[in-house]
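Below: one structure, written as structure tokens.
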Protein chains: 2
Amino acid sequence: MRADDVAEFRHLPLFRTMGDQAFESLIRGAYLQTFPPAVDLIREGDVPDFFHVLIEGGVELYAQWHDRETTMSTLGPLATFILAATVVDKPYLMSARTLSRSRIALIPSEDVRRVVADDRSFADEIVAELASGYRDCVRREKNLKLRSSVERLANYLIRLHEAAEGDEFSLPHEKRLIASWLGMTPENLSRAFASLRAYGVQVDGAQVRIAEIEDLRWLAKPTPWIDDPKS
Amino acid sequence: MRADDVAEFRHLPLFRTMGDQAFESLIRGAYLQTFPPAVDLIREGDVPDFFHVLIEGGVELYAQWHDRETTMSTLGPLATFILAATVVDKPYLMSARTLSRSRIALIPSEDVRRVVADDRSFADEIVAELASGYRDCVRREKNLKLRSSVERLANYLIRLHEAAEGDEFSLPHEKRLIASWLGMTPENLSRAFASLRAYGVQVDGAQVRIAEIEDLRWLAKPTPWIDDPKS
DNA sequence: CGCTTTGTTTGATATTTATCAAGCGCAAAC
DNA sequence: GTTTGCGCTTGATAAATATCAAACAAAGCG
């Protein structure tokens, strides 16, 4: 790993507070690798060999059961993945593939477990990271069980709208991916978009314009306990 | 807290390995309380004041959104709950109510956070507990997104069958609760049971007999990465 | 550039799931 | 013992969602 990679690494939230010695021993076996798009990184059922930190690019976590597949999350820069499998040393429950060209840091699982045991401050960060991962998952489950597909889409658009500057933004992923993440078929996502036209949502390709956010909010009824990842 | 309660407490997996001093400071503010059935313990959106450990009885975790409600998990003795909210000090994402008369240990959240920071071995247990909670949640999400309601019921019955001695067992909860947990209406659960008759499932009230486990497995296609909580 | 592939949309249809309504059965309460 | 309430079941119907098929559009490739 190059010296400036190490420096960048040291500034990530997860590694910022830990002791120098622990950081050293964590980084020693780590390496940084660049992957092209659509590469399978890990496979459901495999035993965790490396803890992953996404530095640059995008990654999809997905799960399979027989001939069905569904995307569980999409990750952006600075996200970590398969932490839970790493710390308990049990098989992955999800697979991961790159969405775009990605730089990913790989840290041997054994090192992570050792340093969690040795460095208190790192353990604290791990606890926080696990807890928010868990809470995200609970939110997704509530979203699925309590809302219809149109409601899920409406809330998703509101989140994107809030992150954007004005009333117009572009979808961050292919629609088929968004559909799978929201738990519906691509055909149904199309129809869901169509039915949101009545609530001031205009779609042209990946471009979305929210003409009447209040109408959309009336339908979506967002709540922080499902939709606000910071709460 | 009575002396024998303290002793019992000390033997729980979560508290067995920690140092005496840490245990002392954790137990000082803790107390044990008995609740009648159907009592609301915590409410979604509230700020965590106590970490909960269920000693005896049963607890339902559920979530609401407007006029809809769904049960997220059912807990039995030795389960802990709302750990994630406690350690990150953010509002609960779920509500909890007792299912039956329950003895519950309550530990002030602040104490938990302090001891996590002070006692390494307790922190390790917390990490393990959080990680398995997270993995359970991922399993539930996969179950929901990848399977139909009949398939979910079939796999649920197989799990109960494996836990039981012979081919007959009784359902651990009311059917309406099971329905909500499996993500369907009570009416639909009835119909799902009816359609499993063709696969050797005989139901009489809460009594279930699996006449042809192989037929049921053929339909359910269980996989450890969804159905085995130990994997 | 034209070609091919892949993603998206739309329509028709089937399947799954929910809702509404009624009746049954068991258990607690009087 | 009767009554009452509640959970459960069943049937009829409606709504939500998936599947299949076709057409189209956009993106990548030789």
Side-chain angles (χ1 to χ4, degrees), chain A residues 36-38 58 60 65-71 74 97 99-101 143-157 170-198 201-208 219-220, chain B residues 36-38 60 65-71 74 99-101 143-157 170-198 201-208 219-220:
Chain A
E60 174 192 7
W65 184 65
H66 292 92
D67 56 342
R68 298 175 212 169
E69 180 181 315
T70 189
T71 116
T74 56
R97 65 168 72 102
L99 288 170
S100 51
R101 186 180 162 83
N143 200 29
L144 276 173
K145 288 185 82 175
L146 292 168
R147 287 175 173 159
S148 72
S149 55
V150 175
E151 288 165 343
R152 291 197 294 274
L153 174 60
N155 279 287
Y156 175 64
L157 292 178
S170 63
L171 298 173
H173 303 289
E174 285 182 345
K175 286 181 183 161
R176 46 180 291 284
L177 185 70
I178 294 172
S180 178
W181 186 71
L182 291 174
M184 58 182 112
T185 57
E187 293 96 322
N188 247 317
L189 178 64
S190 264
R191 287 182 248 269
F193 268 121
S195 67
L196 287 184
R197 265 201 295 266
V201 175
Q202 295 153 18
V203 190
D204 178 31
Q207 279 298 307
V208 178
L219 172 75
Chain B
E60 174 193 7
W65 183 65
H66 292 90
D67 55 341
R68 300 174 209 170
E69 180 181 314
T70 189
T71 115
T74 55
L99 288 170
S100 52
R101 184 181 164 82
N143 200 28
L144 276 172
K145 289 184 83 176
L146 291 168
R147 286 175 174 159
S148 72
S149 55
V150 175
E151 288 165 342
R152 292 196 294 274
L153 174 61
N155 279 289
Y156 176 64
L157 292 178
S170 63
L171 298 172
H173 303 289
E174 285 182 343
K175 284 182 184 164
R176 46 179 291 284
L177 185 70
I178 294 172
S180 177
W181 185 72
L182 291 174
M184 58 181 113
T185 58
E187 293 97 323
N188 248 316
L189 179 64
S190 263
R191 286 183 250 271
F193 268 122
S195 66
L196 287 183
R197 265 201 295 265
V201 175
Q202 295 154 17
V203 189
D204 178 31
Q207 279 298 307
V208 178
L219 173 74

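In what follows, every chain begins at residue 1, and chains take the letters A, B, ... in the order their sequences are listed.
- Side-chain contact check for A:Leu219 versus A:Val150: some heavy-atom pair is nearer than 4.5 Å.
- Using a 4.5 Å cut-off on side-chain heavy atoms (C-beta onward), A:Ser149 and A:Arg152 make contact.
- Side-chain contact between B:Ser170 and B:Gln207 is present, with heavy atoms from C-beta onward closer than 4.5 Å.
- Computed from coordinates, the A:Leu196 CG to D:dA16 C1' distance equals 15 Å when rounded to whole Å.
- In this entry the distance linking CZ of B:Arg176 with C1' of D:dC8 reads 11 Å, nearest Å.
- With contacts defined as side-chain heavy-atom distances shorter than 4.5 Å, the pair B:Lys175/B:Phe193 qualifies.
- Taking a heavy-atom distance under 4.0 Å as the criterion, the stretch of DNA chain C touched by chain B extends 5' to 3' from C:dT17 to C:dC20.
- Between A:Gly58 and A:Ser100, the shortest heavy-atom distance links the atoms N-OG, 3.3 Å.
- Between A:Glu151 and A:Leu146, the shortest heavy-atom contact is OE1-O, 4.3 Å.
- Closest non-hydrogen pair, A:Ala220 versus B:Trp65, comes out as O-CZ2, 3.1 Å.
- Within residues 183-193 of chain B, the residues that place at least one heavy atom under 4.0 Å from DNA chain D are, in residue-number order, B:Glu187, B:Ser190, B:Arg191.
- Note: NZ (B:Lys175) to P (D:dG7) measures 13 Å, nearest angstrom.
- Rounded to whole Å, the distance from CG on A:Asp204 to P on D:dC24 is 18 Å.
- When all heavy atoms are compared, the tightest approach of B:Leu99 to B:Pro37 is O-CB, 3.7 Å.
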